[in-house]
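Worksheet: the structure to be examined is printed underneath.
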Amino acid sequence: MKTEDNMSKDKYDKIISLAKRRGILNPSFEIYGGVAGFYSYGPLGSIIKRNIENVWRGFYLFREGFIEIDTPTITPYEVLKASGHVDEFTDLTAICDSCGRYFKAEDIEKDGKYICPVCNREIKNLKYTNLMFQTKIGVGDERRAFLRPETAQGIFTEFHNLYRFVREKLPFGVIQIGRGYRNEIAPRQGVIRLREFSMAEAEIFFDPENKKHSRFEQVKDEKIPLFIDDKIEKISVGAAVEKGIIGNEALAYYMLLTYKFLMACGINGDKIRFRQHRKDELAHYARECWDAEIYSDRFGWIECVGIADRTAYDLESHIKHSGADLYAIKRLETPQEIEVEKIEVDMGKLGPLFKEKARVIREKLEKLDPSKFEEEIEVEVDGKKIKIPKDCYRIKRVKEKVSVERFIPHVIEPSYGIDRIFFHVLEHNYMETTKKGEEYRVLKLPYLIAPIKTGVFPLVSDERLCKIARDIHDTLRKNCIESYYDESGSIGRRYARMDEIGTPYCITVDFDTLEDNTVTIRDRDTTEQIRINIEELVSFFKGKESESLYNILNY
RNA sequence: GCGGGUGUGGUCUAGCGGUAUGACGCUGGCUUCCCAAGCCAGUUGCCCGGGUUCGAAUCCCGGCACCCGCACCA
């Protein structure tokens, strides 16, 4: 008798085995023994992954109207120093001199000393190990660098270019899909915890006073599953914001969008929940964060998406470290007049007195804060302090018109782990039945996600039927519809091969085709067939595609 | 990183000191008018390295990978 656990383990093994057998996913570098934490996507897996990413683009690039960029994965030290990753992503490691074992220092600390739990001796050999992959740029004059732990920093460092690109209007969103790297201590759980992984991130820049979304009104009654007090509660995003469960409209909106996206990929909506991070588990940059967790029969609830309010943390830090102008500007509705003290330099006096240095001195004087002037003021020029006589300047009170306000935008960040979503899409859509006593597998992938949209078969391998089938296959591919031609084995076997990789339709050319130019289209989920004229095939599949897109993006 | 378990064709598996079994798959052929049919032929393997032995898939040591538990998880 099988226990529940055994059942799910069996199912997991079957999915992994199927994935490997059918070119979806397999451990990398296997011919050299493999390396933990690295997986390769095969011919079909690559398409599925790309399809997931493209559905994601449907939501963020098309529906939200965000802009997409593509920045380097190798990132200079300074960037990640500023972002906090150099310091926050570091563990103090203790290495025992007698047994040579490594420990995370804080685990073995006793009264300020580090004691080896094996040898029971004090360890003095301590070093910091960073969980980012380190590398160097250049030869000789090399610069320290890291493989990026998240794509977000590439967006923050481009902020001033992007802000100009959108013609200085907030809010605006920037997306990036790419690889991230984390040198995990113990990668486990297959594709769930990788050392190199794909993520899709959106950084949406807001006026901190106005974290609203223009479409919120439209969707405020739609419900999402919140995990509160150890139970899942479906609550409308509008109510969640009103009751203060979710901090602002923007967060709530992107949680709803995440919910829709995951289901569009074929994730079972009953196996999604949003869980808020406790204060002590928040990342160093986040004020509020909600994870979308997806339930796996194999692994339990797995964090697949993080939707965080990063506030002004990153931009502020990059302003501080780089000196760049990463501010946004807000035009005030009514320009205000304010009185300010200004220093007015008398060049008539200053010029003759300091000659060629006068210009530099004037610039320095004008930068000083008049309210902090002391009796005698000095400026430093070329390392020398120069006293400035009082009659060279005077302090004036002037009225200034202020029509803009500078501020650092806040960032809401939905961040998606593509590989984790990929795995759950496989798990949630893997179905087993029996046909004639034999195990029968169907991957019920949504149309947009399926790597092959249709199989094309001659019913029997009669050359007349084969030719027509090959022509259909060719025509479909000319129209960018992934089709798969197969004339080997019985028709049932060919359907089975397609079902196993989630192909939603199969076209069969039979002897009636010779008479009336029609073929059958067989539906994966119902196995029902309809007859359709060959001429209508391309529009049938194009129709399925736009219908699917319309259904998921029409909100 | 710690402790325990496991590692045989593409997949599942037998063998547990005499160089490998079976099934499925896959390829080709015959057959076949719609859901893994049948027949014939072919195809691919002992995780890696070292040791013990006349001889190692099998025993021992080391490595790697996977699984379970602990720890970790921006």
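What you are looking at is a predicted structure, and each value in this text was computed from that prediction instead of being measured. Heavy atoms only: backbone and side chains are in, while hydrogens, waters and symmetry mates are out.
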Closer to the 5' end of RNA chain B via nearest nucleotide, is it A:G492 or A:G37?
A:G492

Return yes if a side-chain donor-acceptor contact under 3.5 Å exists between A:Y60 and A:Y416, otherwise no.
yes

Please table the atom pairs, donor to acceptor, closer than 3.5 Å between any side-chain atom in residues 32-43 of chain A and protein atoms at least two apart or in another chain.
residue, atom, partner, partner atom, Å
A:S40, OG, A:S28, OG, 2.7
A:Y41, OH, A:D419, OD1, 2.6

Once you round it to whole Å, what is the distance between P of B:rU13 and NZ of A:K14?
12 Å

By the 4.0 Å heavy-atom rule, please label A:E500 as base, sugar-phosphate, or nothing.
base

Nearest to the side chain of A:R188, heavy atoms from C-beta on, is which of B:rG1, B:rU11, B:rC72?
B:rG1

When the C1' atoms of B:rU32 and B:rC40 are considered, how many whole Å apart are they?
16 Å

Between B:rA57 and B:rG45, how far apart are the two C1' atoms, rounded to whole Å?
10 Å

Would you say A:K20 reaches B:rG10's phosphate, i.e. side-chain N/O to OP1/OP2 under 4.0 Å?
no

Looking at A:R493, I'd like to know whether one of its side-chain N or O atoms comes within less than 4.0 Å of OP1 or OP2 on B:rA37.
yes

Can you tell which of B:rC35, B:rU27, B:rU32 lies closest to the side chain of A:S488?
B:rU27

We want to know whether A:T508 and A:D510 form a side-chain donor-acceptor pair, criterion being a heavy-atom distance below 3.5 angstrom.
no

Which nucleotide, in any strand shown, forms a Watson-Crick or G-U wobble pair with B:rG28, with both distances under 3.5 Å?
B:rC40

Same-atom distance (P) from B:rG51 to B:rU11, integer angstrom
30 Å

When all nucleic acid strands are considered with a 4.0 Å heavy-atom cut-off, which category describes A:F457: base, sugar-phosphate, or nothing?
nothing

Is the phosphate of B:rA36 approached by A:S490 (side-chain N or O, under 4.0 Å from OP1 or OP2)?
no

Nearest whole angstrom, please: distance from the P of B:rA71 to the CD of A:E184.
16 Å

When you compare B:rG55 with B:rU13, how far apart are their P atoms, in angstrom units rounded to a whole number?
32 Å

Value for SG (A:C289) from CG (A:L282), rounded to nearest 0.5 Å, stands at 6.5 Å

Starting at CD of A:E487 and ending at C1' of B:rG28, how long is that distance when rounded to a whole Å?
12 Å

How is A:T527 classified with respect to the nucleic acid when contacts are heavy atoms under 4.0 Å: base, sugar-phosphate, or nothing?
base

Less than 4.0 Å between a side-chain N and a carboxylate O, is that true for A:E78 and A:R143?
yes

Whether the side chain of A:Q529 and the base of B:rC34 hold a donor-acceptor pair under 3.5 Å is what I'd like checked.
yes

Which base, if any, makes a Watson-Crick or G-U wobble pair with B:rC16, both distances under 3.5 Å?
none

Which nucleotide in the list B:rU11, B:rC34, B:rA36 gets nearest to the side chain of A:R21?
B:rU11

Among B:rA65, B:rA36, B:rC33, the one nearest A:A36 by side-chain distance:
B:rA65

Please report the distance, rounded to the nearest Å, between OH in A:Y12 and P in B:rC12.
13 Å

Could you check whether A:R441 gets within reach of a base, just the sugar-phosphate, or nothing at all, counting any heavy atom under 4.0 Å?
base

Watson-Crick or G-U wobble partner for B:rC59, using a 3.5 Å limit on both distances?
B:rG51

Quick one: the side chain of A:R522 and the base of B:rC35, do they pair up donor-acceptor inside 3.5 Å?
yes

So A:H284, base contact, sugar-phosphate only, or nothing? Heavy-atom distance under 4.0 Å.
sugar-phosphate

B:rU43 to B:rG5 separation - P atoms, rounded to the nearest Å:
40 Å

Residue mapping more 5' on RNA chain B - nearest nucleotide basis, A:S17 or A:T520
A:S17

Which one, B:rG10, B:rC34, B:rA36, comes nearest to the side chain of A:Y495?
B:rC34

Is the shortest distance from a Lys or Arg side-chain nitrogen in A:R524 or A:E500 to a carboxylate oxygen in the other one below 4.0 Å?
no

Expressed as a whole number of Å, how far does the C1' atom of B:rU58 sit from that of B:rG3?
26 Å

G-U wobble or Watson-Crick pairing nucleotide for B:rC73 (cut-off 3.5 Å, both distances)
none

Checking side-chain polar atoms at under 3.5 Å, does A:D523 have a donor or acceptor matched by the opposite partner on A:Q529?
no

Nearest-angstrom distance from the residue atom CG of A:D462 to C1' of B:rU31:
14 Å

When rounded to whole Å, the CD1 to C1' distance for the pair A:I16 and B:rC67 reads 12 Å

On a whole-Å scale, what distance lies between the C1' atoms belonging to B:rG63 and B:rG10?
26 Å

Of the candidate nucleotides B:rC26, B:rA36, B:rC33, which contains the atom at the shortest distance from the side chain of A:A496?
B:rA36

In terms of side-chain heavy atoms of A:K435, which of B:rC34, B:rA36, B:rC33 is nearest?
B:rA36

For A:Q189 and B:rA71, give me the distance from atom CD to atom C1', rounded to whole Å.
13 Å

Mate of B:rU21 where both pairing distances stay under 3.5 Å, Watson-Crick or G-U:
none

In whole angstroms, how far is the P atom of B:rC64 from the CZ atom of A:R195?
11 Å

Considering every strand shown, what is the Watson-Crick or G-U wobble mate of B:rC46 when both distances are under 3.5 Å?
none

Just checking A:H284 against A:Y313, ring centres under 6.0 Å apart?
yes

Considering only atom C1', compute the distance from B:rG25 to B:rG9 and round it to an integer number of Å.
11 Å

Quick one: sort the A:F133 and A:Y181 rings into parallel, tilted or perpendicular, breaks at 30° and 60°.
perpendicular

Listed nucleotide nearest any side-chain atom of A:R298, set B:rC68, B:rU11, B:rC26
B:rC68

Just name whichever nucleotide pairs with B:rG9, Watson-Crick or G-U, keeping both distances under 3.5 Å, else none.
none

With hydrogens left out and only the distance checked, is there a donor-acceptor pair under 3.5 Å joining A:D510's side chain and the base of B:rC33?
no

